[in-house]
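Take a look at the structure below.
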Amino acid sequence: MLLYDHKAIEAKWQKHWATYKTFKAVNNSDQPKFYALDMFPYPSGAGLHVGHPLGYIASDIVSRYKRHKGFNVLHPMGYDSFGLPAEQYAIQTGQHPAETTKTNIEGGIDKSGNKIAGYRKQMDRIGFSFDWDRELRTSSPDYYKYTQEIFILLFDSWYDKDADKARLISELESRFRESGTNNINAATDEDLREFTAAEWNAFTDQEQQEVLLDYRLTFLANTEVNWCPALGTVLANDEIVNGVSERGGHPVVRKKMRQWMMRISAFAERLLNDLEGLDWSESIKEIQRNWIGKSVGAMVSFPLESKHNENFSLWGNAAGNGAKIDVFTTRPDTIYGVTFMTLAPEHELVDIITTPAQKQAIETYKKATAARSERERMADVKTISGVFTGAYATHPLSGEAVPVWIGDYVLAGYGTGAVMAVPCGDERDHAFAAYFEGQEGMPAIKNIFDGIDISEEAYTPKDKTPICNSDFLNGMSYKSGAMAAAIEKLEEIGAGKGKTNYRLRDAVFSRQRYWGEPFPVYYKDGLPQMIDPKHLPVELPEVDEYLPTEDGAPPLGRATHWHWDEKNNCVVANPSLTLPKGKGISEKTSFSDGKSKDLPSVKDLRRESNATPGYFTAKREIASTLLQLAQEMRKNPTEAEAVLWKELKGKKTGFKFTQQHPIDEFIPDFVCLSRKLIVELDGKYHEFQVDKDDQRTLKLEQKFGYKVIRFTNEEVINDTKAVLLKISEEVNQRPEFFKNEDEVLPSGKDLGWDQHIYPLELNTMPGWAGSSWYMFRYMDANNENEMFSKEAQEYWENVDLYIGGSEHATGHLLYSRFWVKLLHDLGKVTVNEPFKKMINQGMILGESAFVYMIKPKLIDFENKVKIDLNPPTIIVNEKIAKELFGSNVLKNLHPDVIKDFERQYNLSLAYNKHHEKFELCYEILKSGNIPISNVVNGEIRTEFLKDYYTTKNFHYFLDDSGLKKINELKSIPLFFEPEKMSKSKYNVVSPDDICEQYGADTLRLYEMFLGPLEQAKPWNTAGITGVYGFIKKLWKLYHNDVGFSVSDEKASPDSMKTLHKTIKKVQDDIENFSFNTSVSSFMIAVNELTAQKCTSREVLEPLAILVSPYAPHIAEELWSLLGRHESISDAPFPVFEEEYLVESNKTYPISFNGKMKFTLNLPAAISKDELEKMVLANEKVQEQLEGKQLRKTIVVPGKIVNFVVG
RNA sequence: GCUCGAGUGGUGGAAUUGGUAGACACGUUGGACUUAAAAUCCAAUGGGUAGUAAUGCCCGUACGGGUUCAAGUCCCGUCUCGAGUACCA
């Protein structure tokens, strides 16, 4: 029999699919469409591990299944290739992130010499049905030019709350022109100033732009941001976990910075409501709901008045302007329960209103709060602290004085940073009031809940409890409309209004990083200007280092070419360069500020291109720099240059010469372009300069066909005539290269770079920018004219099935919904949501390997520290470790062992020497991760231990049989704990190894067989042999001893039943994403068919199709062996036919009092009464009933028979 | 603390609306083949208990209650684990 050779067969079909583009999707088809998308990966240097393909396999199964079912399937893959790791790697090694990224995707050798397999090759080995013609990379300019375009769209939009949609800013402008801010209800940051149409029209352009900036959906704002000093960048809220950065775990501090923001808060309500219609897991929806954090309530103003404040006169402006404290509350119905108010310590009113008597205490408290990190504040929630300011606000309804406190339980960042404290209805307020009870400024708690005792704790339920002591609210309850009544009253007297607050903050959109999308933005008079989309992309500039500049500007501040030429619409060199002394571009160039900095060397610039000098002679990429330099050189000629130019200019020689005209990367002194003759004037020759001149001459002559002649300055000044004669002679001998001598490069002045050049934005976009719209790009991935065509989007609509991890719940999944809603409002897409259905695959955890070891330590009683003693360590097995853990190791260790241990290591010496002050103890510790690559059958060979730890520390091993020397042992048992797979934990398992050993089909089946897709599970190869065995059994089913063997005979009813049972099961399983169970039903089917010795084509052909979504390679091979020439991927899915499952008999479980005793085989088509009769007649039943009273009989046809006896 | 989810053999996990708990695998044990190993095949395998055996009985889905003829599944309470969130007024 032919052996199943997975390597050859899988390679063969992978090649076949690639060659024939089997999985290419078309953008128009009569078939129904299906769009299955995976969250695209970030291509890291560590490569794919077995966790990555889990989701891809699932989506691939669905895609292949849908193809069998007659769908036109879009199943693309790409790379989220901008991001931090490549940049960090670049900082360390100097390798350009673009190169790292390319290597990580396509394979190669990295700078540290590691061989990188490459994501693409790794994926290809698994046999995915991706349409690779649609591959995209977010870091490719072809892609990010549209990311930049969307940014411009956001900038050009504002949010109309009345229509509840985003609109173009031009509409807002025309409305301003016509009626000012009248009737405009826009989502903006704060209450903006209002103006009339006349006022608007009187604004200068600059003023108008400034006003509009407050309305745009992406805007510049000075806000408190999360600054991560270690990463040198700001972070969004979702990038911070437990007060530290998600990446790297670095501390994060609050800092005020001017940043680009995204007005996602405008969409909060829609983001919340539209969750309803999505087929996502409830937990993800819940996470998003919590993140959006809607709370309905009211804004209430508490005036600060002179009648309650003795020091009111000292408040200056604040007092004059009618100072008030604004608060947000979700319980305006409890307003009469306000006992005091609390401000966040950072609140701006604190310094103004504090009385002189309280000044000292307030200052001390503010300092103490400021000194505490975000983390400390979070960790220490229970401690109550606060200080009375001495000031009193006025209750807006009762007019009573309400004392104002500060306390750090009030957050500056939420609401207004101030609360009205209602101790009877809020636990924190209650605790605060109770803590400061009796102190100055803390009145007795006001209770407004009728018949409720609040002396011990607050009463928080929102129910029908009637409110009392509350004037017009008396007798009402939360349930019966007290809230609405309170808001109505507040609005009536102008002391407040109903308001909905969201926890969702506007997102910071700029990052101080290099490896991200550059903004299509430059600054003119300090105002941001968008670059016209037709000039996109604005490509990332080159920088010498991927670090911030000395003065703290982002890495793009290092670029020498990072200004926008508004007239010519291109990126040009920074204009602050001044004339370098000498010729051409010196590698050290002075800047106008007097500092000297390294420019990119000419060598670096040369790399950029191979422009050929013609009449447009300068190298395009550096033309602006060269032009600029040339112009300055012309302004400052040397004496000799001035003398010679006088003679050459204006065709005095009969030929047109130009002065300091850039050619390629050089600026020769004089050139006759039509004859390609260069005249160079040199100062005194220096040896190194001659070399350089020679090289340059060589290049100009050989590459571009110029002739270079040289004179010294002395020659020109002393004998101008001879020089001119020589030039004339040479130029006449030269052939004519160009006729039209006027067709020369426009001068720098003509280009207007000195009047139209502005600095570009130095920040880059965050990681989520590119991933927020990529699902649409796949629909039309190669479109060079627009982000995607209308037709393509209308055909594919949005994603039918999205598979990926749940860790993006508050990042990517929220931001992409936001962008899609914007695109929808602006008419760019027809859908309101990106992903109809989503499945979140669980993480596959790695098995990290460890040992336990006992380490001796000295306890220093004086200083209360433990001192590590260098050598001896005993590795113990897991059992002993568990017994010893947390106990006094010394006592539990056998005395002989200790003695032996101490004797052998002379530990007693150390002990004796210090024993007056120190005491010896032993600690049991877990080792660091041991690389699993060296682990065999749960053990590691001792020789490998030496590689990771100094042998000194690992001398002994202790298990039940006693203490042994490690170097006398062959291997040591390890213990394992599941952990997230990561390079640093040495627990990564690569799918390549599995493919090599067992094949891709086995890998695919096994990953599915591991358990439910959504569940996290540890990776353990133990069970893989079972799946591998299945593949072999499947192969065998189609073969006999000699070779391939399938008959055309009719299949047995049993075989047909097995087949159709499996069709139904697999179909249902795929529709329900229960992939693990269909693998087992395949196993059952193959086991049964093998037992039945089934060889019929009638069964085996459909079986191959059933298996093909899961194990496509073997299915294709069997399909071709069956004599089919086309790919199995287009074969129609077998149709389930009920009739094959119909049976004449059914095995009924017969139970007594609900307990199954035995089964009876009974006819299936039989009435309930007949069934009961037959069962009762059975002697086994009679036996059971003997001597008992039959109380009730339950007969469920097709299910069960149950007798109740007693 | 709050919100959501989950607890089933030695292990991963089945059990679609309440209806034969433990499918399918792994592992383990025994056996066949082999000089041996690997591979392959066969058998047993939730726990306890009685019996030479066929077979029978009891207990079992985290724990305690409940509803029901019947509960892993529904309800109430408790515990444990995981995820999210964290003074959100």
Side-chain angles (χ1 to χ4, degrees), chain A residues 3 241-243 281-291 293-295 297 327-331 334 341-342 344 377-384 407-411 413-422 425-429 431-432 501-504 806-807 809-810 840 842-843 1005-1006 1009-1012 1014-1030 1032-1033 1036 1065 1068-1069 1071-1072 1074 1076-1087 1147-1159 1191-1196 1198-1205:
Chain A
L3 277 173
V241 177
N242 293 329
S281 75
E282 200 45 46
S283 67
I284 292 272
K285 289 195 201 176
E286 196 62 27
I287 291 170
Q288 290 212 346
R289 279 187 205 113
N290 290 338
W291 190 261
K294 180 181 181 176
S295 40
V327 298
F328 174 74
T329 176
T330 53
R331 295 295 300 273
T334 64
M341 302 192 77
T342 314
R377 253 173 102 163
M378 276 161 60
D380 180 25
V381 175
K382 286 184 191 96
T383 315
I384 295 161
D408 68 0
Y409 81 95
V410 177
L411 303 176
Y414 184 76
T416 59
V419 298
M420 55 176 227
V422 184
D426 183 282
E427 278 173 30
R428 291 155 305 170
D429 295 344
F432 197 86
N501 227 16
Y502 298 92
R503 204 184 77 109
L504 181 71
S806 55
E807 66 272 21
T810 52
N840 304 110
M843 207 189 307
L1005 283 165
Y1006 185 59
F1009 190 57
L1010 228 40
E1014 305 201 57
Q1015 195 175 302
K1017 52 229 154 195
W1019 177 260
N1020 184 340
T1021 42
I1024 203 163
T1025 52
V1027 175
Y1028 189 52
F1030 161 74
K1032 287 192 280 192
K1033 276 188 213 164
K1036 259 195 195 167
K1065 177 81 177 135
D1068 292 352
D1069 282 347
E1071 306 273 1
N1072 293 318
S1074 171
N1076 54 329
T1077 49
S1078 41
V1079 177
S1080 60
S1081 68
F1082 287 139
M1083 291 173 171
I1084 295 169
V1086 168
N1087 287 347
T1147 307
Y1148 277 92
I1150 310 298
S1151 50
F1152 297 84
N1153 289 341
K1155 274 180 190 145
M1156 206 280 290
K1157 292 288 174 188
F1158 50 85
T1159 57
R1191 295 184 193 276
K1192 201 174 175 186
T1193 309
I1194 288 107
V1195 178
V1196 186
K1199 288 257 162 103
I1200 199 167
V1201 178
N1202 188 24
F1203 296 101
V1204 187
V1205 294

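Everything numeric in this text was worked out from a predicted model, so none of it was measured.
- Out of B/G84, B/U40, B/C69, the shortest distance to the side chain of A/Lys1036 is found at B/U40.
- Distance CZ (A/Phe1152) to P (B/U20): 16 Å, rounded to an integer number of Å.
- Counting non-hydrogen atoms under 4.0 angstrom, A/Asn1087 reaches the backbone sugars and phosphates but no base.
- Checking B/U40, B/C87, B/C69 against the side-chain heavy atoms of A/Ile1194 singles out B/C69 as nearest.
- For A/Ile284 and B/U85, the CD1 to P distance is 11 Å, given to the nearest whole Å.
- In the set B/A21, B/A89, B/C69, B/A21 carries the atom at the smallest distance from any side-chain atom of A/Met1156.
- Whole-Å rounding puts the A/Lys1199 NZ to B/U17 P distance at 10 Å.
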Applying side-chain contact (heavy atoms from CB on, under 4.5 Å) to A/Met341 and A/Val327, what does each step give before you reach the verdict?
CA-CA 9 Å; A/Met341 302 192 77; A/Val327 298; 3.6 Å; yes
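- Toward the 5' end of RNA chain B, the nearer of the two residues A/Tyr1148 and A/Lys1192, judged by each one's closest nucleotide, is A/Tyr1148.
- Classified by its glycosidic torsion, B/G48 falls in the anti category, the angle being over 90° from 0.
- Closest approach to the A/Ile1084 side chain among B/A21, B/C41, B/A23 is made by B/A23 (side chain taken as heavy atoms from C-beta onward).
- Taking only side-chain nitrogens and oxygens, A/Thr810 never comes nearer than 4.0 Å to OP1 or OP2 of B/G84.
- The CD1-P distance, from A/Ile1200 to B/U68, rounds to 18 Å in whole Å.
- The nearest whole Å value for the distance from the CZ atom in A/Phe328 to the C1' atom in B/C87 is 16 Å.
- Between A/Val1027 and A/Met1083 there is a side-chain heavy-atom pair separated by less than 4.5 Å.
- In terms of position along RNA chain B, the nucleotide closest to A/Val1079 lies nearer the 5' end than the nucleotide closest to the other residue of the pair A/Val1079 and A/Gly293.
- Considering only the side chain of A/Arg503, B/U85 comes nearest among B/U40, B/U85, B/A25.
- A/Phe1030 has its CZ atom 15 Å from the P atom of B/U40, to the nearest Å.
- As rounded to whole Å, 22 Å separates atom P of B/A83 from atom CZ of A/Arg289.
- In this structure, A/Phe1082 and A/Phe1030 have parallel ring planes: the angle between them is below the 30° cut-off, well short of the 60° mark.
- The side chain of A/Val1204 sits closest to B/C69 out of B/U85, B/A25, B/C69.
- With C1' as the reference atom, B/U11 and B/G18 are 29 Å apart, rounded to whole Å.
- Closest contact between the side chain of A/Asn1202 and the listed nucleotides B/A89, B/C69, B/G84 involves B/C69.
- Taking atom C1' on both B/U34 and B/A44, the two are 24 Å apart, rounded to the nearest angstrom.
- The backbone N or O of A/Phe1203 lies less than 3.5 Å from no partner atom in the side chain of A/Ser1151, so there is not a single donor-acceptor pair.
- For B/C41 and B/C26, the P atoms lie 10 Å apart once the distance is rounded to whole Å.
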Could you write nucleotides 1-16 of chain B as a row of B, S and -, 5' to 3', where a protein heavy atom under 4.0 Å of any base atom gives B, of only sugar-phosphate atoms gives S, and otherwise -?
--SS-------BSS-B
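- Using a 4.0 Å heavy-atom distance criterion, A/Ser1081 is classed as making no nucleic acid contact.
- Across the P atoms, B/G84 and B/G9 are found 26 Å apart, a figure rounded to whole Å.
- Secondary-structure stems of RNA chain B, taken as three or more successive Watson-Crick or G-U wobble pairs (i with j, i+1 with j-1) under a 3.5 Å distance threshold, comprise B:1-7 with B:79-85, B:10-12 with B:24-26, B:27-32 with B:40-45, B:46-50 with B:55-59, B:62-66 with B:74-78.
- Per the geometry, CG belonging to A/Asn1153 stands 11 Å off P belonging to B/C58, to the nearest Å.
- Side-chain atoms of A/Ser295 and A/Asn501 form no donor-acceptor pair, as typed in the model, at a separation below 3.5 Å.
- Going from the P atom of B/G46 to that of B/G10 covers 10 Å, rounded to whole Å.
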